[in-house]
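Keep in mind the model is a prediction, meaning the values are calculated, not measured. Here is how names work: the chains are called A, B, and so on, in the same order as the sequence lines, proteins then strands, and each is numbered from 1.
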Protein chains: 2
Amino acid sequence: MNEIAPLLVGDASRRDLSRQRVLEALRRDGPLSRAAIGRLTGLSPASVSAITGQFITEGLLCDIGADPPEASAGPGRPGQRLGFHPARGAIIGLWVGLDRLILHLADFSGETIEARDERLPLAALDAEALVAILADRVVHFSREAGSGMPILGVGVAFQGFVDQRKGEVVWSPVTRCTHVPLVAGLEAALGLPVDLDNDASAMAFAITQSEPALREGVTACVMLGDGVGLGVFVDGKPLRGVHGGGIEFGHVRFSARGPQCRCGARGCIESFLADYALYRDAMAVSDIGPPAEGRQPSETEMTRLVARAAAGDPALAGLFAEAGRVLAESLTMLIRLFQPDTIVLCGPGMRAWPLIEEALHAALDQRAIPFLARRAGIRALPFRPAFLTEGVIRAALERLDRRLAASS
Amino acid sequence: MNEIAPLLVGDASRRDLSRQRVLEALRRDGPLSRAAIGRLTGLSPASVSAITGQFITEGLLCDIGADPPEASAGPGRPGQRLGFHPARGAIIGLWVGLDRLILHLADFSGETIEARDERLPLAALDAEALVAILADRVVHFSREAGSGMPILGVGVAFQGFVDQRKGEVVWSPVTRCTHVPLVAGLEAALGLPVDLDNDASAMAFAITQSEPALREGVTACVMLGDGVGLGVFVDGKPLRGVHGGGIEFGHVRFSARGPQCRCGARGCIESFLADYALYRDAMAVSDIGPPAEGRQPSETEMTRLVARAAAGDPALAGLFAEAGRVLAESLTMLIRLFQPDTIVLCGPGMRAWPLIEEALHAALDQRAIPFLARRAGIRALPFRPAFLTEGVIRAALERLDRRLAASS
DNA sequence: CTCATTTTGTTCGATCATCAAATTATTGTT
DNA sequence: AACAATAATTTGATGATCGAACAAAATGAG
């Protein structure tokens with residue numbers, strides 16, 4: 001007998017909802033004139049003026065010049081564009097990979113101030129040390145890169161199983177610890193609100209939000225790289241359980257007789273398609289030696305492997321073709337489950353796309369799914385490291401927006 | 001640059017939203033006093049009185065006596081319970097199975113007035129004839145069962161792939177036609193609003209809504225019967241794409257070397273677990289003959305098969321144990337993808353539950369999923385045919401509520 | 001250059017859904 | 001019987017919103 005939704009009761013929350021809608025429109029569609037905000041939110045010009053005026057005095061929004069001429073295109077007074085006040089503060093986005101860290105500082109409007117890529121061995125640490133060192137790196141980074149602005153929040157994208165509700169890293173290839181209370185630990189150490197997400201989900205979020213076309217209908221983002229991840233979005237909103245864990249696509253079983261996966265199970269999709277899996281198989285069919293550090297091949301080693309395969313090594317090329325066939329099978333499952341309009345393939349693994357593409361499409365055509373397949377358009381997206389952090393930064397900003405819209 | 005949500009602008013829609021919330025609370029939690037509605041929706045007593053008063057004069061709600069004594073339990077004036085006015089009208093729910101039809105008449109409060117189970121050969125019909133005969137059965141049923149009340153809407157639960165946005169049956173084992181425009185056809189023939197859903201999704205909806213505990217967290221309902229279906233719900237709301245097709249769990253590949261499925265693909269989960277699959281395998285390992293009509297075994301034939309296996313036929317019992325293992329594997333995938341708090345097993349196939357249970361749990365224990373499995377509680381729900389239609393009736397009522405809340 | 005036209009943004013009065021508080025009603029408890 | 005407790009209604013005040021009127025700033029035709 002819990003409440004349906006305690007939101008939107010009374011006049012105070014009614015105003016808050018309108019404020020929220022204004023901020024949402026601005027986050028989605030960049031700087032906007034008051035008139036445009038009115039059209040997008042459905043509020044009257046009078047209300048938009050009142051609300052934006054309030055936001056400006058609160059230092060949340062600011063005027064950033066007239067509409068560019070191409071936007072107006074006709075007679076009439078040009079609109080004054082409003083945007084998030086960059087100097088309001090900054091957000092730090094953190095991606096935690098295998099022995100590697102990406103730190104990303106963005107201002108309140110979402111613009112990148114600085115990004116940094118660090119090598120950092122994490123595997124041997126216990127949970128407390130892991131949290132401590134991450135907090136330490138964040139503090140250092142914000143001190144060195146910070147532009148004097150206050151840090152408003154931190155977003156963390158983590159490889160592995162994540163429980164957003166508890167703020168825990170349940171399991172991750174990054175560390176042998178399980179159930180690491182990352183959010184509580186970082187919030188205590190930093191004194192800042194911390195958002196946690198699975199890295200593939202966060203990346204899928206960044207990609208889906210980055211393009212209006214992907215915010216319509218069902219978009220499935222498959223991330224290939226250290227692991228295999230998936231994010232599914234319906235009209236721009238993520239499809240996920242209340243626990244906020246990602247859809248653990250990479251750990252769905254592909255074959256009962258497959259190799260042992262890092263997660264402990266056998267035959268996971270990831271254990272065929274992830275970087276480490278491809279490298280492992282490459283070692284078996286060629287004279288390529290083991291990775292320099294640990295079991296995980298570095299970006300350079302992966303690039304070299306792909307280059308050799310592309311140069312004509314038939315055994316290695318066959319490996320990637322086989323990966324394409326496994327991927328096709330996995331996408332087939334994905335199509336059956338979610339019937340996406342668009343499937344976006346992305347992630348570091350896309351470095352091998354030219355080697356995968358043909359086999360993938362051939363296999364997909366061969367095992368076309370009656371009545372469901374036609375719809376899904378498959379798009380390959382070149383990888384940018386910034387994708388890894390943009391998702392959590394965006395999420396942190398949106399959470400901030402919700403808080404700022406409410407208090408008034 | 002589409003609007004964020006054109007709802008809730010201006011005072012008119014503000015009232016409509018409150019009206020909607022009142023109706024939602026009443027649909028969810030049965031008859032309620034005004035005070036209880038206030039607590040559930042967060043509205044003040046004054047507003048609840050105003051809104052419910054309006055609904056009563058509109059003939060939508062009615063007073064149905066005082067709160068039962070066990071509800072109040074203490075001093076104080078007992079509340080007067082409000083409920084949907086039963087005489088406002090009726091909804092017809094229709095389930096379309098293989099050569100079989102269930103018709104279900106419910107009043108505006110959702111109470112069953114009459115239900116009927118008909119045999120009806122549909123396989124040979126073309127699309128137009130299929131729509132025509134379904135419309136004809138609905139008209140006959142409403143004439144014979146109708147209690148003089150106007151019919152307000154029709155809900156149809158159909159086996160197979162359904163596109164709710166287009167109102168189409170994309171593919172179904174019921175008919176060899178594809179892309180049947182069922183909603184348009186029935187609406188034209190009946191002059192009534194028609195809701196269409198996949199039958200497993202609708203059943204999952206009915207089950208999830210029927211129990212408060214299942215409306216919290218993530219609930220996955222797996223339906224075993226003529227096919228294998230799935231509905232996933234997060235806090236009582238269905239997880240589905242914009243096209244409104246169900247999650248085609250039954251047509252996810254289980255094994256590349258599996259039997260041919262009705263959908264045309266090979267090795268679908270359904271082709272191992274559906275009634276027809278179990279019967280097919282039973283024919284192979286025993287002297288059981290082919291089904292009396294077509295390829296599809298009847299309920300009686302399936303019951304007899306289960307009885308023989310339960311009586312001790314080792315070959316047949318092994319068949320169901322094998323089904324338990326396949327189901328375990330499928331649930332493992334489901335857990336990885338959705339991390340449900342509860343998995344509900346239901347549907348006609350549950351007649352064989354005692355034969356499946358042990359093997360299922362043994363296999364699940366054996367391939368326990370690191371860090372994810374612990375959470376999911378598996379519940380077996382005895383099958384009731386009414387589940388098949390209650391979901392679409394509920395959906396039709398809720399759509400009606402939304403319309404009635406809006407117009408005023 | 002001048003003026004009509006068009007679009008942007010603000011101001012002001014009216015509307016109306018909501019709430020808090022007061023009031024009436026109805027029960028159980030002491 | 002007096003009192004406490006809960007339910008429902010009435011009433012006055014609040015305030016978010018809208019429409020309409022208006023000011024501002026651009027284009028373009030003559």
[N] [atom2] sits how many Å from [X] [atom1], rounded?
X        : N       : atom1 : atom2 : value
Leu17(B) : dT17(D) : CG    : P     : 14 Å
Arg21(A) : dA16(D) : CZ    : C1'   : 14 Å
Arg15(B) : dC16(C) : CZ    : C1'   : 9 Å
Ile37(B) : dT18(C) : CD1   : P     : 14 Å
Leu61(A) : dG9(C)  : CG    : P     : 13 Å
Gln20(A) : dA16(D) : CD    : C1'   : 17 Å
Gln54(A) : dT10(C) : CD    : C1'   : 16 Å
Arg19(B) : dC16(C) : CZ    : C1'   : 15 Å

(message) Looking only at the side chain of Ala46(A) (C-beta and beyond, no hydrogens), which of the listed nucleotides dC18(D), dT17(D), dT10(C) gets closest?
(response)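 The answer is dC18(D).
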(request) Please tell me which of the listed nucleotides, dT18(C), dT10(C), dC18(D), lies nearest to the side chain of Arg34(A)? (result)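 Nearest nucleotide to the side chain: dT10(C).
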(request) Please list, chain by chain and in numerical order, all residues satisfying ring-ring contact (aromatic ring centres under 6.0 Å, His included) with Phe387(B), sequence neighbours excluded. (result)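 For Phe387(B), no residue satisfies ring-ring contact (aromatic ring centres under 6.0 Å, His included) once neighbours in sequence are set aside.
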[X]: which residues meet the salt bridge (Lys or Arg N to Asp or Glu O under 4.0 Å) condition with it, sequence neighbours left out?
X         : answer
Glu111(B) : none
Asp107(B) : none
Glu398(A) : Arg394(A)

(request) Assess the side chains of Arg15(B) and Gln54(B): does a donor N or O sit below 3.5 Å from an acceptor N or O? (result)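 The answer is yes; a qualifying pair exists.
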Below the 4.0 Å mark, does [N] have OP1 or OP2 next to a side-chain nitrogen or oxygen of [X]?
X        : N       : value
Arg14(B) : dA17(C) : no
Ser49(B) : dT9(D)  : yes
Ser47(A) : dC18(D) : yes
Arg39(B) : dA7(D)  : yes

(message) Using heavy-atom distances to pick each residue's nearest nucleotide on DNA chain D, tell me which of Ser33(B) and Ile51(A) is more 5'.
(response)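 The residue whose closest nucleotide sits nearer the 5' end is Ser33(B).
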(message) Test your reading of the model: is there a side-chain donor-acceptor pair from Glu187(A) to the backbone of Pro193(A), 3.5 Å cut-off?
(response)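 Between the backbone of Pro193(A) and the side chain of Glu187(A) there is no qualifying donor-acceptor contact (under 3.5 Å).
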(message) Base contacts versus sugar-phosphate-only contacts with protein, heavy atoms under 4.0 Å: please encode nucleotides 23-30 of chain C as B, S and - from 5' to 3'.
(response) --BBBS--
(message) Under 4.0 Å, counting only non-hydrogen atoms across every strand here, what does Ala35(B) touch: a base, just sugar-phosphate, or nothing?
(response)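 Touches sugar-phosphate only.
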(request) Please identify each residue that fulfils side-chain hydrogen bond (donor to acceptor under 3.5 Å, both in side chains) with Thr389(B), with sequence neighbours left out. (result)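 Once residues adjacent in sequence are excluded, the partners of Thr389(B) under the side-chain hydrogen bond (donor to acceptor under 3.5 Å, both in side chains) criterion are His104(B).
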